Undergrad: 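First, the structure itself, so that you have it in front of you.
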Amino acid sequence: MPLRRDFLRLLGLTAALPALPAAAASGIAPGSQPVVVSTWNFGETANAAAWQVLESRGSALDAVEAGARVPEADPDNHSVGLGGYPDRDGHVTLDACVMDHLGNLGSVACLEEIVHAVSVARRVMEKTPHVLLVGEGALQFALAEGFERQDLLTPEAAAAWRQWQETAEYRPQPNIERSNRYRMPGELPGGETNHDTIGILALDGAGHLAGACTTSGMAFKMRGRVGDSPISGAGLFVDGEVGAATATGVGEECLRICGSHTVVELMRHGRSPEQACREAVERIARRHPASRDDLQMAFVALRSDGALGGYSLQPGFNFAIRTASGSRLVEAPSLR
Ligand code: ASP
């Protein structure tokens, strides 16, 4: 099975994973090697949902949407969808994006009161002549499409917001979700339920790539602030001929270098996925030397042949991989 061995070698998984099950058992056509990779520790949740789609021969686009919907519906995740921490005025506003291998793209930004921002983004892609709807217009479109209106501010997120107001001097702080003050009881910063944005990339049995990115953005941000996650080329970029990339961290830094597009272009010019992510991170660090100490920015990339990698500015970023041979959480190498 040279194809399988090569695939695993590209993933760097040859030593770490048990033998692949027979293709027939997984329901995946022989010769095709689907893979899902996502930011942070969404292996057992989002990746599992995405994998179910790929296993039943679904498309990469359906897979990433199914995956992204899982944390969106999870009230214990304070960085995505329901239960996300609000802006400084107390409104939960969501940003999301989907993109496929043909360059089809849909996004929403500053969307309120709809849990599944990623699915609204997909409808924008499929049902409108536009690629990005924001705020009230995005909400009206979602309601017209039959999405249900729901208060996304959970009592726990509201309590964290009130506590933040006491001392924050009205200044949004990146990745506040990961500080001691706002972690889940008994949990370490960066632990399982206080991870950040999900960016999820998939390669399906037909060899097609797709990606999705969804977030409630920076906690306690200014009203109207939009980060990198819904912006094509920043939080997500897919080029079916080359590969896909997604980002998490301080969106402003990613936007300044068109981060995910940069990663894909570096892969186009021959860099490995990890090296491409590394060069994008280095570019951010060069432009903003203080970022080495005071913010996190990370990328994950999936090449069209299934090779993948990730890289972050600060240690502590991980990404989750799902292939036919199992699921794995990888600690990304970092600049610091
Ligand atoms: N990139 C997201 C944003 O800036 C936040 C995150 O990844 O934590 O909105």
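Values in this document were obtained by computation on a predicted structure and should not be read as measured data. We count ligands from 1, going down the list as the structure has it; atoms in each ligand are counted the same way. All values below come from the heavy atoms of this structure, side chains included, with hydrogens, waters and symmetry mates left out.
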Undergrad: Counting from 1, what ligand 1 atoms have a heavy atom of G217 closer than 4.0 Å?
TA: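 Contacts of ligand 1 toward G217, numbered from 1: 9 (O).
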
Undergrad: Does ligand 1 have an atom under 4.0 Å from some heavy atom of K221?
TA: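 Contact check K221 vs ligand 1: negative.
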
Undergrad: Within this structure, what is the CG-CG distance for the pair D228 and D95, rounded to the nearest 0.5 Å?
TA: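 These two atoms lie 8.5 Å from each other.
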
Undergrad: Tell me whether T248 has any N or O atom under 3.5 angstrom from an N or O of ligand 1.
TA: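 The answer is yes, given that T248 and ligand 1 share an N or O pair closer than 3.5 Å.
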
Undergrad: Are any non-hydrogen side-chain atoms of V124 and V108 less than 4.5 angstrom apart?
TA: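 With C-beta onward as the side chain, the pair touches.
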
Undergrad: So, is E252 polar-close to ligand 1, with some N/O to N/O distance under 3.5 Å?
TA: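 For ligand 1, there is no N or O atom that lies under 3.5 Å from one belonging to E252.
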
Undergrad: Using a 3.5 Å cut-off on N or O atoms only, is G251 in polar contact with ligand 1?
TA: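 Yes.
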
Undergrad: If the cut-off is 4.0 Å to any non-hydrogen atom of S229, which atoms of ligand 1 fall inside it?
TA: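 Under 4.0 Å from S229, ligand 1 has these atoms: 1 (N), 2 (C).
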
Undergrad: With the threshold set at 4.0 Å, does a side-chain nitrogen-carboxylate oxygen contact exist between E282 and R278?
TA: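 Looking at E282 and R278, the cut-off is met.
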
Undergrad: Which ligand 1 atoms, with their elements, are less than 4.0 angstrom from a heavy-atom of D228?
TA: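 Here the atoms of ligand 1 in question are 1 (N), 2 (C), 3 (C), 4 (O).
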
Undergrad: Are the side chains of L105 and V238 in contact, using a 4.5 Å heavy-atom criterion?
TA: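 No, side chains not in contact.
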
Undergrad: Go through the structure and list residues passing side chain to side chain donor-acceptor pair (under 3.5 Å) with R286, not counting sequence neighbours.
TA: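 Expected list: none.
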
Undergrad: May I ask you to decide if the ring planes of F220 and Y85 are parallel, tilted or perpendicular, using 30° and 60° as cut-offs?
TA: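 Ring orientation, 0 to 90° scale: parallel.
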
Undergrad: Counting heavy atoms only, name the option from T39, V250, T197 that's nearest to atom 7 (O) of ligand 1.
TA: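 The option holding the nearest heavy atom is T197.
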
Undergrad: Identify, with sequence neighbours excluded, every residue that meets ring-ring contact (aromatic ring centres under 6.0 Å, His included) alongside H288.
TA: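 Here no residue qualifies.
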
Undergrad: Which ligand 1 atoms, with their elements, are less than 4.0 angstrom from a heavy-atom of M218?
TA: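 Heavy-atom distances to M218 below 4.0 Å select 9 (O).
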
Undergrad: Would you call E252 and R287 a salt bridge, taking side-chain N to carboxylate O under 4.0 Å as the test?
TA: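 Looking at R287 together with E252, the answer is no, because their closest N to O distance does not fall below 4.0 Å.
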
Undergrad: Heavy atom under 4.0 Å from ligand 1: found in E253's side chain, backbone, both, or neither?
TA: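 E253 to ligand 1: no contact under 4.0 Å from either part.
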
Undergrad: Does ligand 1 have an atom that lies less than 4.0 angstrom from a heavy atom of G249?
TA: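 Judged by the 4.0 Å heavy-atom criterion, G249 does count as contacting ligand 1.
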
